[in-house]
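Worksheet: the structure to be examined is printed underneath.
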Amino acid sequence: MTRPLSIGVAGLGTVGAGVVTLLRQNAELIAARAGRPIVVTAVAARDRTRDRGVALDGLRWYDDAVALAADPGVDVVVELIGGSDGPAKALVEAALAAGKPVVTANKALLALHGATLAEQAEAAGVALAFEAAVAGGIPAIKGLREGLAANRILRVTGILNGTCNYILTCMRDQGREFADVLAEAQKLGYAEADPSFDIDGVDAAHKLAILAALAFGRPVDFASVHVEGIRHISALDIKLAEELGYRIKLLGIAAQVEGGISTRVHPCMVPVSHPIAVVDGVYNAVVAEGDFVGRVVLEGRGAGAGPTASAVVADLIDIARNRATPVWGAGIAALAHTPSVPMEQNRGAYYLRLMVLDRPGVLADVTGVLRDHGISLESMIQRGRSPGEAVPIVLTTHECQEAAMRGALAKIAALDSVLEPPALIRIETL
């Protein structure tokens, strides 16, 4: 029988335990598809006493994750520790230096250090695989890098964070405010005790940086991603969006535009007719547009033990079969260095909600500011009349430049009749 592929797993949290469980539960099927058995022989984790719901007897145990990379009985290192630096980065570097393939689910590590790690993997002639780093069980990496390899990718759009999608879905379906739904999501385990990485868009931005590198064949560039979260989204905005024929989603968008590549993460108003508008709850979706294939939509669970373990083991099967693809889809020397286009140059339409004093001349003041910045209106909604009291005014614009809209917002916010910071959401026709 062909010698088994020996795996060392660093990090025995939800995903690590899930990988061990999957490799054992589907061992026969995996061996048939990999051409050889894949077995976990060593693990690394700090707490040996914790019950992880999976038997770990007989496995070599390392308290120091980096030591796992030096184990001569480990063929492939699986990094599931997390974090962009520290033990995770040290382990991956050590494994590559030892000439061992690495499988990781670590989007932060790849977004911030993926360029140098790819160089190290290429120099060592070993795989650095990361299907699990983006959108959990959805085969977004293989789909984009290999399935669409013959296409010139024009745009990639994704719902890349299940926590945000769950919160926005509950706000829409139940008419509740952000803080209330977030608190419930934390109780249910859909949001972390400190949810800032998710709700401020950072997690989605890490994933978008990876997708953009693959889509456009250039080194990963997290620093160029424009990032906004969902803290400012209100139940009123979600209700008004529905009336206008849109749903609000936190999207990551990478696109080939005039002058280079635009990468941005922020709340968007999406037409209800678009496939991504109906992706709800904790689900993720990735939409790629190629010049020959057209639009491809992938949807599924973006996190959790099962989906993420599925992606990790898919990479292990590739390694067992000696199927190798350059980290970013092409060799380092073949990667392009297409410039990044700053957010200020983005062009699009906008939804603008103002809470204003209901008195004569207010609307004229606002539209005058927009006119002075070269921004034309498409529609307006004004709710009721309450002379001398606060009322919402909703404006949607035609396409304009982000820099012009920001300048106009600053002027509008300074008007005496505007009682709170304006709510701004970008409208994406997709």
Side-chain angles (χ1 to χ4, degrees), residues 3-23 38-52 54-134 197 203 206 210 219-220 222 305 308-309 311-313 315-316 318-320 324 326-328 332:
R3 185 180 72 83
L5 187 70
S6 176
I7 308 302
V9 177
L12 289 174
T14 301
V15 176
V19 168
V20 175
T21 299
L22 175 55
L23 285 171
I38 299 177
V39 295
V40 177
T41 59
V43 295
R46 288 176 294 184
D47 185 357
R48 298 193 183 210
T49 63
R50 179 179 156 203
D51 181 9
R52 295 171 170 85
V54 60
L56 301 171
D57 304 334
L59 302 181
R60 296 186 298 282
W61 193 296
Y62 293 90
D63 297 309
D64 175 13
V66 175
L68 181 71
D71 185 327
V74 168
D75 300 318
V76 181
V77 171
V78 176
E79 184 278 304
L80 301 172
I81 301 168
S84 60
D85 291 286
K89 181 170 180 279
L91 170 63
V92 172
E93 290 174 336
L96 296 175
K100 296 184 179 183
V102 173
V103 175
T104 179
N106 194 333
K107 63 266 184 183
L109 176 69
L110 290 162
L112 274 65
H113 305 293
T116 55
L117 292 175
E119 290 177 3
Q120 190 178 356
E122 185 174 297
V126 295
L128 172 59
F130 52 94
E131 183 64 61
V134 177
F197 232 55
D203 174 78
H206 284 151
I210 292 168
V220 65
F222 175 72
T308 310
V312 168
V313 175
D315 281 338
L316 291 173
D318 279 349
I319 291 169
V327 176
W328 301 117
I332 300 299

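Side chains included, hydrogens not; waters and symmetry mates left out as well; all remaining heavy atoms used. Here the structure is a predicted model, which is why all the values come from computation and not from measurement.
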Any pair counted as side-chain hydrogen bond (donor to acceptor under 3.5 Å, both in side chains), so long as it reaches residues 105-124, sequence neighbours left out: E79-N106, D85-H113, K107-D203

Return all side-chain donor-acceptor pairs below 3.5 angstrom for residues 4-13, not counting sequence neighbours, or 'none' if the list is empty.
residue : atom : partner : partner atom : Å
S6      : OG   : T41     : OG1          : 2.5
S6      : OG   : G73     : O            : 2.6

So, do [X] and [Y] sit near enough that their side-chain heavy atoms are less than 4.5 Å apart?
X	Y	answer
V74	R60	yes
R3	D75	yes
L117	V327	no
L128	L110	yes

Where G114 and W328 come nearest, the two heavy atoms and their spacing: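 Scanning both residues, the minimum pair turns out to be O-NE1, 3.4 Å.
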
Considering all heavy atoms, the nearest Y62-A67 contact: CD2-CB, 3.7 Å

All salt bridge (Lys or Arg N to Asp or Glu O under 4.0 Å) counterparts of D64, not counting sequence neighbours: none

Salt bridge (Lys or Arg N to Asp or Glu O under 4.0 Å) partners for D315, two or more places apart: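 Testing D315 for salt bridge (Lys or Arg N to Asp or Glu O under 4.0 Å), a comparison that skips the adjacent residues, returns K142.
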
From OG1 (T308) to CG (L80), nearest 0.5 Å: 9.0 Å

Nearest-0.5 Å distance that lies between atom CG in D63 and atom CG in L68: 11.5 Å

Pair V76-V103, side-chain contact (heavy atoms from CB on, under 4.5 Å): steps then yes or no: CA-CA 8 Å; V76 181; V103 175; 4.3 Å; yes

For K89, all residues meeting side chain to side chain donor-acceptor pair (under 3.5 Å), sequence neighbours excluded: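 Side chain to side chain donor-acceptor pair (under 3.5 Å) check on K89 returns E93.
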
Worked verdict on V126 versus V102 for side-chain contact (heavy atoms from CB on, under 4.5 Å): CA-CA 8 Å; V126 295; V102 173; over 6 Å; no

For F197, ring pair (Phe, Tyr, Trp, His ring centres under 6.0 Å) partners two or more places apart: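 By the ring pair (Phe, Tyr, Trp, His ring centres under 6.0 Å) rule, F197 matches H206.
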
